[in-house]
2 protein chains.
Amino acid sequence: MLEARLSQAALLKKLLDSIKELVTDANFECNEEGINLQAMDNSHVALVAVKLDADGFAKYRCDRAMPLGVNLTSLTKVLKCAKDDDRVTLKARDNADVLNLLYEAFVGDRVAEYEMKLMDIDADQLGIPETDYDVQVAMSSTEFARICRDLTNLGESVKIEVNKEGVRFTSEGDSANGSVLLIQTAESEAAYKGVLDKKKKKEEGESSGVKKEEGAEDEDETMADGEKEVEEEDEDEDAPKSAKKGKGKRISKKPADDDDDDDVIEIKDEEDAEKEKEKEDDAEHQEEEEDDAEEEDTSSKKRKKKATAKNGGPSKRAKKDKQIDEAPPGVYIEMQQAVQLTFSLKYLVNFAKSSALSNYVTLSMSNEVPLLVSYNFGSGSISYYLAPKIGDE
Amino acid sequence: MLEARLSQAALLKKLLDSIKELVTDANFECNEEGINLQAMDNSHVALVAVKLDADGFAKYRCDRAMPLGVNLTSLTKVLKCAKDDDRVTLKARDNADVLNLLYEAFVGDRVAEYEMKLMDIDADQLGIPETDYDVQVAMSSTEFARICRDLTNLGESVKIEVNKEGVRFTSEGDSANGSVLLIQTAESEAAYKGVLDKKKKKEEGESSGVKKEEGAEDEDETMADGEKEVEEEDEDEDAPKSAKKGKGKRISKKPADDDDDDDVIEIKDEEDAEKEKEKEDDAEHQEEEEDDAEEEDTSSKKRKKKATAKNGGPSKRAKKDKQIDEAPPGVYIEMQQAVQLTFSLKYLVNFAKSSALSNYVTLSMSNEVPLLVSYNFGSGSISYYLAPKIGDE
DNA sequence: GGTGGTCTTG
DNA sequence: CAAGACCACC
């Protein structure tokens with residue numbers, strides 16, 4: 001039998017809000033380590049994987065592995081009946097055809113019980129490849145959501161390009177094209193570094209069958225190669241072109257209107273692009289210094305605010321050690337090799353609903369391989385996989 | 001003529017928001033005691049009764065009783081033109097076919113005048129049974145709304161069971177069943193006790209001074225037997241039993257099924273209807289005069305007096321008069337006998353819109369008898385009646 | 001919680 | 001065809 005208690009219904013509610021439009025039926029695979037859900041989306045294009053660690057529950061007991069076939073629409077309805085801060089207990093007998101949900105109000109004079117029918121669902125437990133991705137990007141989840149939403153207004157798909165400087169999201173539509181560039185800065189690096197490390201460790205821990213705590217706890221070490229470089233840049237004098245300049249830089253362009261060669265979209269050769277970028281950045285620097293003098297740091301000017309990066313004082317530095325409570329702008333990138341892939345925005349927008357679950361998101365990519373979009377909340381994670389578009393589809 | 005001024009348009013706005021979906025046309029029956037509205041809902045299943053006490057108005061004058069036939073959709077539109085804190089004055093001449101509304105801004109630099117067409121509406125002043133219910137439940141109005149909304153996601157109807165421990169709301173649906181239990185606690189009891197007491201007293205006061213019962217149609221027989229018993233439990237010595245009794249009629253669930261001539265809806269002959277109305281009015285006057293004679297005060301004051309009369313203890317007194325500002329969880333129950341009834345959730349959800357008007361709601365039930373859902377705001381009340389479902393319908 | 005968009009209904 | 005009700009986004 002299963003008995004699992006969450007101290008806050010909000011988590012489950014958010015989870016279901018995240019996936020209910022993508023998947024209508026799925027098995028909750030319960031075992032002693034926790035609850036997992038894995039399903040293709042309704043159109044069999046994307047894959048969703050949810051993981052809830054046993055130790056993320058206030059109480060967890062699952063005597064033996066059991067799949068609970070759940071209609072997510074129904075479950076969503078039932079969860080709507082819980083208040084965010086209700087304590088929720090899930091109960092199912094072995095081989096049960098119902099799932100019982102018990103909601104206890106934070107103040108104890110209200111108890112609600114629900115009983116939801118279960119169903120048999122063909123367990124298409126697709127194995128998910130433990131890929132080593134060429135790039136991993138950590139960034140603000142709301143920023144990612146915003147970008148996807150913005151670009152979805154223009155076109156159907158987005159091209160994601162990752163190189164050492166940052167990540168560029170580009171969409172081309174009939175009436176307009178758009179491109180958003182997120183730059184890796186000392187600030188964003190500091191903020192997100194631990195995230196990728198932790199995530200990596202966690203994954204390792206899991207894949208090796210170990211309990212995840214161990215991996216999760218030692219965040220301090222694991223340094224990928226790229227990481228060290230960046231780290232040095234952090235306070236270096238030698239003015240490394242890239243990471244330093246744009247603290248929280250977010251550049252939007254309309255490539256279509258830009259015929260200059262600094263339009264990276266048009267550039268096929270990565271190296272050239274790199275160089276061009278440098279030039280560009282230098283120029284910006286000068287401009288920015290001027291700007292700083294006159295401009296305050298309002299949101300509308302955020303894009304231009306790069307220059308403030310230079311003044312990145314100790315206060316910003318402090319962010320490094322801090323938990324990611326509010327996710328800073330910018331990105332953190334770990335990469336072996338530059339990557340450029342194109343995805344359907346429709347799905348990404350859908351994935352991005354999970355930003356309610358975490359302040360940051362990680363995008364993992366290798367060329368020709370499905371994108372992994374992953375949100376980690378303390379006690380579990382939700383991952384989405386989406387195959388890239390090939391050619392002009 | 002009528003001239004009635006409310007210091008806050010918000011009240012009227014909320015009132016109309018509450019009922020406009022249920023009823024599209026209704027008579028505002030104005031007389032010197034205030035304004036009453038009573039109507040079956042559009043599908044003739046539920047009954048709505050609104051009462052605005054004369055002394056709830058900043059200024060109130062109504063020379064003689066007059067019904068104002070109002071299209072609630074129009075009135076809602078007109079009221080949308082008022083700001084919440086505008087002072088609103090309603091004006092109508094005798095036999096007028098328009099209602100004038102004057103909005104004066106809280107700060108005196110804005111005056112708006114509206115004139116709305118009135119219409120003739122067959123006055124189906126159905127008598128409402130002055131039932132003494134087997135149970136009365138007081139609870140947070142938002143909690144009630146929440147429960148109804150929640151359960152409506154699961155099924156069409158809700159079973160309400162009341163016993164001494166608390167109230168249970170249960171709904172069964174195709175994919176899930178749900179049940180919410182609210183417990184009576186010391187806290188909730190303390191908070192709501194005064195509410196029910198006050199309400200009870202108020203109802204008595206009303207029934208002794210109001211009209212609409214004279215037509216007392218042959219439905220007196222529907223008075224529940226339990227009524228008298230209950231009455232005695234009332235600690236009040238001077239309880240005007242005579243007034244209480246026989247005034248009530250029961251709601252006819254489907255007027256179409258009622259062949260009695262008292263159902264004005266069915267009357268085709270306008271003149272006859274007219275005459276009946278007159279007779280009614282006369283009767284009303286007489287009754288009222290009598291009442292006034294014995295209880296030399298305005299009806300609303302009567303109520304207050306009585307309410308205060310009942311409770312000796314000053315501590316109780318304090319509680320009683322205390323407004324319930326934020327309604328605590330839990331319920332307060334007064335009961336003679338356990339009750340279990342089933343209702344259509346659709347209507348309850350609709351009723352629950354009135355939670356904007358009061359922080360608490362009272363549910364009054366007897367087996368086999370229409371539920372009364374009642375919201376009391378300081379200067380009046382809104383009551384809904386809904387017949388229970390019988391059997392498996 | 002408010003608003004806009006979509007779908008259903010009269 | 002229009003209005004209201006419902007659902008998703010902000």
Side-chain angles (χ1 to χ4, degrees), chain A residues 10 13-24 41-43 71-85 140-154 299-300 326-327 345-357 359 361 375, chain B residues 10 13-14 16-26 39-46 48 71-84 140-146 148-156 171 173-175 326-327 344-357 359:
Chain A
K13 291 168 67 128
K14 288 182 197 160
L15 258 178
L16 268 113
D17 281 344
S18 297
I19 63 174
K20 68 166 194 283
E21 274 179 45
L22 223 44
V23 182
T24 56
D41 84 295
N42 293 328
S43 52
N71 175 285
L72 299 189
T73 311
S74 301
L75 181 55
T76 302
K77 282 180 186 167
V78 172
L79 284 173
K80 277 214 205 308
C81 305
K83 295 192 174 138
D84 275 0
D85 58 357
S140 152
S141 57
T142 52
E143 182 75 35
F144 177 63
R146 182 95 211 300
I147 291 169
C148 292
R149 258 189 287 119
D150 285 352
L151 295 184
T152 207
N153 289 322
L154 305 184
S299 72
S300 65
E326 96 270 358
L345 273 167
K346 184 179 113 194
Y347 288 95
L348 296 188
V349 167
N350 235 316
F351 299 169
K353 284 185 184 160
S354 294
S355 20
L357 286 160
N359 291 318
V361 59
Y375 297 82
Chain B
K13 291 167 70 132
K14 288 181 197 162
L16 270 114
D17 282 343
S18 295
I19 61 173
K20 68 166 194 285
E21 274 178 45
L22 222 44
V23 181
T24 55
D25 302 295
M40 298 297 291
D41 85 295
N42 294 329
S43 53
H44 282 264
V45 171
V48 191
N71 175 283
L72 299 189
T73 311
S74 304
L75 180 55
T76 303
K77 283 181 187 162
V78 173
L79 283 173
K80 279 216 203 308
C81 305
K83 294 193 176 138
D84 274 0
S140 151
S141 57
T142 53
E143 181 74 40
F144 177 63
R146 184 92 208 297
C148 293
R149 257 189 289 117
D150 284 352
L151 295 184
T152 208
N153 287 324
L154 304 184
E156 304 243 301
S171 180
D174 296 333
S175 57
E326 98 269 357
S344 156
L345 274 167
K346 184 179 117 193
Y347 288 95
L348 297 189
V349 167
N350 236 314
F351 299 168
K353 284 185 183 160
S354 294
S355 25
L357 287 161
N359 291 318

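None of these values were measured; they are calculated from a predicted model.
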Partner residues of [X] under the side chain to side chain donor-acceptor pair (under 3.5 Å) criterion, sequence neighbours left out:
{"X": "A/Asn153", "value": "none"}
{"X": "B/Ser140", "value": "B/Thr142"}
{"X": "B/Ser141", "value": "none"}

Applying salt bridge (Lys or Arg N to Asp or Glu O under 4.0 Å), can you list everything that pairs with B/Glu156, at least two apart in sequence or on another chain?
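Expected list: none.
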Any non-hydrogen side-chain atom of B/Leu22 less than 4.5 Å from a side-chain atom of B/Phe351?
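A side-chain contact exists here, since the closest heavy-atom pair is under 4.5 Å.
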How about NZ on B/Lys20, more than 12 heavy atoms from neighbouring residues, nucleotides or ligands closer than 6.0 Å, or not?
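Yes, NZ of B/Lys20 has more than 12 neighbouring heavy atoms, counting only those of other groups under 6.0 Å.
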Contact string for nucleotides 1-10 of chain C, one letter per nucleotide 5' to 3', B = base within protein heavy-atom range under 4.0 Å, S = sugar-phosphate only, - = neither, reads ----------
How would you summarise protein contacts on nucleotides 3-10 of chain D per nucleotide, using B for base, S for sugar-phosphate only and - for none, with heavy-atom distances below 4.0 Å?
-SS--SSS
Check whether A/Asp41 reaches the backbone of A/Val23 with its side chain - one donor and one acceptor, N or O, closer than 3.5 Å.
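Side chain of A/Asp41 to backbone of A/Val23, a donor-acceptor pair under 3.5 Å: no, none is there.
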